[in-house]
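What follows is one structure encoded as structure tokens, with my remarks underneath.
One-based numbering, in listed order, for ligands and for the atoms of each.
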Amino acid sequence: MGRKPDHTSIMLEEMLEYFGAIEMRTFVDGTLGAGGHALAILESHSELECLVGIDQDPLARSLSAERLEMFSSKVRIIEGNYRDMKDLTADLGLTQVDGIFLDIGVSSMQLDRAEKGFSFRRDGPLDMRMDPDNPLTAEEIVNSWPEKELQKLIRDYGEENKWRQISQGIVEKRKHMRIQRTSELADLIQEISPPFPGQRTHPATKVFQALRIVVNGELDALEKGLHQAIDLLSPGGRLGVITFHSLEDRIVKTVFREKSGRGQVVGFGTDAELNRQKLVKVLTKKPLLPSLKEQKVNRRSRSAKLRFVEKL
Ligand SMILES: C[S@@+](CC[C@H](N)C(=O)[O-])C[C@H]1O[C@@H](n2cnc3c(N)ncnc32)[C@H](O)[C@@H]1O
């Protein structure tokens, strides 16, 4: 028996319901993680011949390999970024797939590993890379980006109201010492922005989230990945995406709208026609949200939003 990964998959039932309506021979899980969604798909779609699981984190790949072992003849786990999904699947001889799923962001396993540097609760190096080959770390950003860039990062990606004070505090602190540990950054933010009575989230939550998004190029990967996924789907195939951040959900909503022929028309003639091209049908006019029961049991699920499209 493999180790049981400490990650609870979000909105499993809703995902199964939307994929349950179609037959799928091929499936791509672009954010394999602990393999929870992938396992549920394999268990409920006996017609499935091949499930490709992509993850950029080696630990996620090894944990999910153990968890999916009983389906190993159908599963291909590959190292890579889902933004390159078409090339990655083409290498396996797949040019179309029937189902694609993305569950954006970090897993609980990544948050729990102090050495990855994602957590303000566990001291570790200020790293935050999901892909160990990525040259950019959170330490690099915090210690060398100009104040204006830090302000922009904290305001736009963290949606943190105290972006000005926190950026200024970081720049002051780094004049005296290099900020290298997650605890050093978390303590500094807590000093600048102490929690108000009854506050349940740590004051550093939003800044850590912003750094993680930028270190891993998450918004860019999402936008590129959505275009790739829609291209890769077979007619009648479905794509589902879970996001945890309003910026991410906005990207999903906008790309889905554009690809369903309701995007803004820019340019004239052929360009305008291209923008009006109807490639998918949106199946979720509003995003699906986790049930109250799930929100109670798993606090991490509270900000989740799930959207689905079907390829025409
Ligand atoms: C929230 S977890 C997925 C959990 C999974 N659905 C489950 O049920 O166990 C997200 C995973 O996606 C991976 N990931 C995030 N962005 C990625 C990207 N652009 N390309 C490949 N993997 C990515 C992370 O390393 C992490 O393991």
Side-chain angles (χ1 to χ4, degrees), residues 2-16 18-19 27-44 51-68 71 75-89 99-113 115-119 127-134 136 209 212-229 232 239-245 247-248 251-252 290 294 298-306:
R3 269 173 297 162
K4 189 173 180 295
D6 184 19
H7 178 87
T8 314
S9 300
I10 308 271
M11 300 186 77
L12 259 185
E13 282 174 26
E14 293 82 352
M15 176 209 65
L16 286 177
Y18 273 76
F19 283 121
F27 191 90
V28 173
D29 184 336
T31 51
L32 187 61
H37 287 103
L39 181 61
I41 288 287
L42 285 156
E43 285 172 342
S44 54
L51 181 143
V52 179
I54 303 170
D55 207 295
Q56 55 184 344
D57 181 341
L59 180 80
R61 293 195 300 275
S62 69
L63 281 177
S64 52
E66 274 186 47
R67 194 172 189 190
L68 303 178
F71 290 103
V75 174
R76 303 294 298 270
I77 296 179
I78 45 180
E79 173 182 353
N81 192 309
Y82 69 72
R83 62 188 286 167
D84 307 318
M85 192 185 299
K86 277 171 71 179
D87 282 345
L88 295 171
T89 49
I100 302 176
F101 190 63
L102 298 174
D103 173 15
I104 304 305
V106 273
S107 67
S108 321
M109 287 137 31
Q110 287 166 327
L111 285 172
D112 289 346
R113 276 157 63 211
E115 75 276 13
K116 292 292 273 183
F118 287 111
S119 173
D127 189 313
M128 299 200 192
R129 291 170 303 169
M130 294 183 198
D131 173 357
D133 294 330
N134 173 3
L136 184 64
Q209 170 188 273
R212 197 203 79 210
I213 287 176
V214 173
V215 165
N216 295 290
E218 291 181 32
L219 300 184
D220 189 46
L222 177 58
E223 180 154 9
K224 294 208 166 79
L226 291 173
H227 287 277
Q228 295 242 327
L232 187 60
L239 162 67
V241 187
I242 296 183
T243 59
F244 293 89
H245 189 294
L247 290 174
E248 294 167 350
I251 292 174
V252 178
E294 180 169 6
N298 184 1
R299 274 176 63 78
R300 204 179 83 84
S301 74
R302 284 171 316 152
S303 47
K305 292 194 170 123
L306 172 57

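- For Gln110, the heavy-atom gap to ligand 1 drops under 4.0 angstrom.
- In this structure, the side chains of Ile41 and Leu16 come closer than 4.5 Å at one or more pairs of heavy atoms.
- Across all their heavy atoms, Glu294 and Glu14 have their closest contact at OE1-OE1, 4.4 Å.
- The N/O atoms of Asn81, backbone and side chain alike, include one that comes under 3.5 Å of an N/O atom in ligand 1.
- From the protein, the heavy atom lying nearest to atom 10 (C) of ligand 1 is Gly105 O, 3.1 Å.
- Residue nearest to atom 11 (C) of ligand 1, selected from Leu111, Asp131, Asp55, Leu59: Asp55 (by heavy-atom distance).
- With hydrogens left out, the protein atom closest to atom 23 (C) of ligand 1 is Gln56 NE2, 3.6 Å, a heavy atom.
- In terms of protein heavy atoms, atom 15 (C) of ligand 1 is closest to Met130 SD, 3.4 Å.
- Using a 4.0 Å heavy-atom cutoff, Leu12 is absent from the residues neighbouring ligand 1.
- Counting protein heavy atoms only, atom 21 (C) of ligand 1 is closest to Gly80 O, 3.3 Å.
- Contact atoms of ligand 1 toward Gly30: 21 (C), 22 (N) (distance under 4.0 Å to a heavy atom of the residue).
- At least one N or O atom of Gly35 sits closer than 3.5 Å to an N or O atom of ligand 1.
- In terms of N/O distances under 3.5 Å, ligand 1 is not approached by Arg67.
- In this structure Phe244 satisfies the ring-ring contact (aromatic ring centres under 6.0 Å, His included) test with no other residue, sequence neighbours excluded.
- For Gln56, the side-chain contact (heavy atoms from CB on, under 4.5 Å) test picks out Asn81, Met130, Asp131, with sequence neighbours left out.
- No N or O atom of Asp57 sits closer than 3.5 Å to an N or O atom of ligand 1.
- Residue His37 has at least one heavy-atom neighbour below 4.0 Å for each of these atoms of ligand 1: 5 (C), 6 (N), 7 (C), 8 (O).
- Polar contact with ligand 1: absent for Ile54 (N/O pair, distance under 3.5 Å).
- Considering only heavy atoms from C-beta on, Tyr82 comes within 4.5 Å of Leu222 through its side chain.
- The closest donor-acceptor contact from the side chain of Arg67 to the backbone of Ala34 lies under 3.5 Å.
- Residues Ile242 and His37 form a side-chain contact, since some pair of their non-hydrogen atoms from C-beta on lies under 4.5 Å apart.
- Rounding to the nearest 0.5 Å places CG of Asn134 at 12.5 Å from CE of Met128.
- Summarising the geometry, atom OG belonging to Ser107 is positioned 7.0 Å from atom CG belonging to Asp57; distances are rounded to the nearest 0.5 Å.
- For ligand 1 and Val106, the ligand atoms under 4.0 Å from any heavy atom of the residue are 1 (C).
- For atom 12 (O) of ligand 1, the closest non-hydrogen atom on the protein side is Thr31 CB, 3.2 Å.
- For the pair Leu102 and Met85, the minimum side-chain heavy-atom distance is below 4.5 Å.
- The nearest heavy-atom contact from the protein to atom 18 (C) of ligand 1 is Tyr82 CD2, 3.2 Å.
- Although no hydrogens or angles enter the test, the distance criterion places no donor-acceptor pair under 3.5 Å between the side chain of Arg113 and the main chain of Gln110.
- Tested against Phe27, the residues Phe19, Phe101, Phe71 include a single ring pair (Phe, Tyr, Trp, His ring centres under 6.0 Å) partner, Phe19.
- Met109 approaches Gly33 most closely through the heavy-atom pair CE-C, 4.5 Å.
- Of the N or O atoms in Ala34, one or more lie within a sub-3.5 Å distance of an N or O in ligand 1.
- Atoms of ligand 1 found under 4.0 Å from any heavy atom of Ala60 (numbered from 1 in listed order, with element): 27 (O).
- Atom 8 (O) of ligand 1 has Ser9 OG, 2.5 Å as its closest protein atom, hydrogens excluded (heavy atom only).
- Residue-to-ligand polar distances keep Ser107 apart from ligand 1: every N/O pair is separated by 3.5 Å or more.
- Residue, atom and distance of the protein heavy atom nearest to atom 5 (C) of ligand 1 are Leu32 O, 3.4 Å.
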